[in-house]
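First comes the structure, then the notes that go with it.
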Amino acid sequence: MALLHLYRAPGLSPARTNALLLAARQRISPDIEDIETEFCFNIEAAGGQSGAELEALAWLLRETFQPEGFGLESGLESGLDGDGQVLEVGPRMNFTTAWSTNAVSICHACGLTKIRRIERSRRYL
């Protein structure tokens, strides 16, 4: 059983990011300068994926209007310069969400039958 992580940025729209930034400044600290976001797709598969299967999976998860924001590497990790901190929020690993059930059904309908589970978490820098 293999676990694959794929990332898509941004995780929130600019309006939602600005609202989150304002709330964080009010509730946590006015010193917070900026917030960057991304989604992390935690994919559990039975065995490795071929190149064609990975491309099909990427096509399903990639944002249509911003395909360059999708990849195997986290964009937030490269943004860490000692001042920031990455916070990841997602479902518990022992609980399968409805989103995961639907995503796996779509994968199976597209011929990606090795996919067992996909959970999406939000990451903040």
Side-chain angles (χ1 to χ4, degrees):
M1 189 164 38
L3 189 61
L4 175 66
H5 301 283
L6 298 173
Y7 302 91
R8 186 177 78 202
L12 298 176
S13 69
R16 288 187 64 194
T17 301
N18 287 336
L20 179 63
L21 180 60
L22 289 175
R25 285 178 176 160
Q26 291 174 350
R27 296 179 184 157
I28 299 170
S29 171
D31 297 330
I32 297 174
E33 296 175 14
D34 193 18
I35 295 177
E36 294 179 41
T37 63
E38 72 181 2
F39 285 121
C40 177
F41 298 98
N42 303 289
I43 303 160
E44 180 183 315
Q49 304 291 310
S50 71
E53 290 171 331
L54 277 176
E55 183 54 38
L57 184 60
W59 182 83
L60 288 171
L61 298 175
R62 172 170 50 229
E63 179 63 43
T64 306
F65 298 110
Q66 295 173 321
E68 67 280 354
F70 184 81
L72 296 171
E73 300 288 326
S74 170
L76 298 185
E77 301 296 333
S78 62
L80 283 176
D81 59 0
D83 295 342
Q85 187 173 17
V86 175
L87 174 68
E88 187 164 351
V89 179
R92 294 179 184 201
M93 291 309 294
N94 60 349
F95 179 78
T96 302
T97 63
W99 187 92
S100 174
T101 303
N102 289 333
V104 170
S105 294
I106 292 167
C107 287
H108 287 187
C110 293
L112 301 171
T113 57
K114 293 180 187 174
I115 303 296
R116 300 280 184 239
R117 184 173 174 198
I118 301 177
E119 291 295 352
R120 181 179 67 174
S121 59
R122 283 185 232 65
R123 294 168 46 96
Y124 304 95
L125 172 66

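Everything quoted here is computed from the prediction, not taken from an experiment.
The closest donor-acceptor contact from the side chain of S121 to the backbone of G90 lies at 3.5 Å or more, if one exists at all. A donor-acceptor distance shorter than 3.5 angstrom exists from the side chain of E119 to the backbone of T97, with no hydrogens or angles considered. S29 places no side-chain N or O within 3.5 Å of a backbone atom of R25 that could act as its donor or acceptor partner.
Checked against salt bridge (Lys or Arg N to Asp or Glu O under 4.0 Å), R123 has the following partners two or more places apart in sequence or in another chain: E38, E77, E88. Evaluation of the salt bridge (Lys or Arg N to Asp or Glu O under 4.0 Å) rule for R16 yields no partner, not counting sequence neighbours.
Nearest heavy atoms, Y7 versus S74: CD1-N, 3.5 Å. Across every non-hydrogen atom of V104 and R117, the tightest pair is CG2-CA, 3.6 Å. Closest of all the heavy-atom pairs between A58 and F70 is CB-CE2, 3.5 Å. Contact record, L21 with E33: CD2-O, 4.1 Å, taken as the closest heavy-atom pair.
Looking at E55 and R62, a side-chain N of the basic residue comes within less than 4.0 Å of a carboxylate O on the acidic one, giving a salt bridge.
A 4.5 Å side-chain heavy-atom check between L12 and I35 finds every atom pair outside the cut-off. With a 4.5 Å cut-off on side-chain heavy atoms, L20 and Y124 count as touching.
Within the structure, every pair that satisfies the salt bridge (charged side-chain N to carboxylate O under 4.0 Å, His left out) test and touches residues 99-114, not counting sequence neighbours, is listed here: E53-K114.
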